[in-house]
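What follows is a set of notes on a single structure, which appears directly below.
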Amino acid sequence: VLERASARETAARVAAGAVARQILAQVSIAISSHVVAIGPVTAAAFPVPFDRIAALPDDSPTRCVDEGAAGRMMAAIDAAREAGDTLGGAFEVVARGVPAGLGSYAQWDRRLDGRLAQALMSIPAIKAVGIGIGPDAARLPGSQVHDEIVLAAADAHGGPAAIPFARPTNNAGGLEGGVTNGQDLRLTAYMKPISTLLSPLRSVDIATREAGPAAVERSDVCAVPAASVVGEAMVALVLADALLDRF
């Protein structure tokens, strides 16, 4: 049970996600991710343009585009390691080039927002998922949440735009009514700290019913950057499935 619940099983998801990415690439859909928070440290620049996220080097230890916050994240991880503790955080997955119309507004189990949330929530230690501005939508008035529709600017030659309408904001995260709307798809996943602490918490021996410290195992301190890669794979799998459903 312990190993099946371990994040080791996500290696297979990432492998399958690589195949899904090849399907999505045929229609110019690209997916990337970045870390927006680790422990008490939150990146300042948010939302981040897709191009900046995609430019993150593969060997970035924090996968955070905000260099100042990245340094503070590293310091927080080092401090947690010294204390025998662990840290959680949040990462955002962004998909560029997603066509409008994927998903369903009619069947509850085919709504793309629900399918994507389930896929991300199934990653070990993910405890919440936000779409677009996520939880902030609950505390803001409608005038600051809903994305207005405006006339699109003329093209580079002064002629009418290929698509006559545009939206200056993307608070909805590219999903409305369970269906993609053509804007960037933005999903944020929130990860709890790793549960195997080097400074054990209190527990109880189920055989003797005696109180004592929990078992100590090897432990990483923070897995949020690695989880963001798994998140990309899960979004790729769901989008590839939705794409094949529609076309």
Check whether any side-chain heavy atom of Ser33 sits under 4.5 Å from a side-chain heavy atom of Glu92, and report yes or no. no
Could you tell me whether Glu232 and Arg63 have a side-chain N and a carboxylate O separated by less than 4.0 Å? yes
So, Arg21 side chain and Ala236 main chain: donor-acceptor pair closer than 3.5 Å or not? no
Tell me whether Asn181 contacts the main-chain N or O of Glu176 through its side chain, where contact means a donor paired with an acceptor under 3.5 Å. no
Side-chain heavy atoms under 4.5 angstrom apart, residues restricted to Ile, Leu, Val, Met, Phe, Trp, Tyr: same cluster for Ile133 and Val36? no
Applying side-chain hydrogen bond (donor to acceptor under 3.5 Å, both in side chains) as the test, list every pair that has at least one member in residues 127-136; sequence neighbours left out. Asp136-Arg139
Any donor-acceptor N/O pair, Asn171 side chain to Gly132 backbone, under 3.5 Å: no
Check whether any side-chain heavy atom of Thr196 sits under 4.5 Å from a side-chain heavy atom of Val216, and report yes or no. no
Taking the side chain from Ser203 and the backbone from Gly212, do they hold a donor-acceptor pair closer than 3.5 Å? no
Would Arg13 and Ser122 count as a side-chain hydrogen bond (donor to acceptor under 3.5 Å, both in side chains) here? Give the steps. CA-CA 11 Å; Arg13 307 193 199 197; Ser122 73; 2.8 Å; yes
Would you confirm whether Thr208, through its side chain, and Glu210, through its main-chain N or O, come within 3.5 Å as a donor-acceptor pair? yes
Taking all non-hydrogen atoms of both residues into account, name the closest pair between Val41 and Ala76 and its distance. CG2-CB, 4.3 Å
So, does Asp66 use its side chain to make a donor-acceptor pair with the main chain of Ala44 at under 3.5 Å? yes
Quick one: does Val94's side chain get under 4.5 Å of Val48's, heavy atoms only? no
Leu151 side chain near Phe165 side chain, heavy-atom distance below 4.5 Å: yes
Residues Met121 and Ala128: closest non-hydrogen pair is SD-N, 3.6 Å
Side chains of Asp220 and Thr86: closer than 4.5 Å at any heavy-atom pair? no
Please determine whether residues Ile123 and Val93 belong to a single hydrophobic cluster, defined as Ile, Leu, Val, Met, Phe, Trp and Tyr linked transitively by side-chain heavy-atom distances below 4.5 Å. yes
Minimum heavy-atom distance between Thr188 and Ala90, given as atom pair plus value: CG2-CB, 4.2 Å
Linked, directly or transitively: Leu175 and Ile29 (ILVMFWY side chains, under 4.5 Å): yes
Taking Pro57's backbone N and O only, do any of them form a donor-acceptor pair with Ser60's side chain (distance below 3.5 Å, no angle check)? no
Can you name the nearest heavy-atom pair linking Ile126 to Ala189, along with the distance? CG2-CB, 4.0 Å
Report yes if some heavy atom in the side chain of Ile131 is under 4.5 Å from a heavy atom in the side chain of Arg186; otherwise report no. no
Who else is in the cluster with Tyr190 when I, L, V, M, F, W and Y are joined by side-chain contacts under 4.5 Å? none
Counting C-beta onward and ignoring hydrogens, is there a side-chain heavy-atom pair between Leu239 and Leu112 closer than 4.5 Å? yes
Inspect the contact between Glu148 and Arg167 and indicate whether a charged nitrogen and a carboxylate oxygen are less than 4.0 angstrom apart. no
So with a 6.0 Å cut-off around CG of Leu244, is the heavy-atom count from everything else above 12? yes
Determine yes or no for a side-chain-to-main-chain donor-acceptor pair under 3.5 angstrom, with Arg96 supplying the side chain and Asp184 the backbone. no
What about Phe50 and Val65, same hydrophobic cluster or not, with Ile/Leu/Val/Met/Phe/Trp/Tyr joined at side-chain heavy-atom distances under 4.5 Å? yes
Side chain to side chain, Arg115 and Asp241, heavy atoms closer than 4.5 Å: yes
Work out which heavy atom in Pro61 is nearest to a heavy atom in Pro225; give both atom names and the distance. O-CG, 3.5 Å
Give a yes or no answer on whether the side chain of Ser199 reaches the backbone of Ala83 with a donor-acceptor pair at less than 3.5 Å. yes
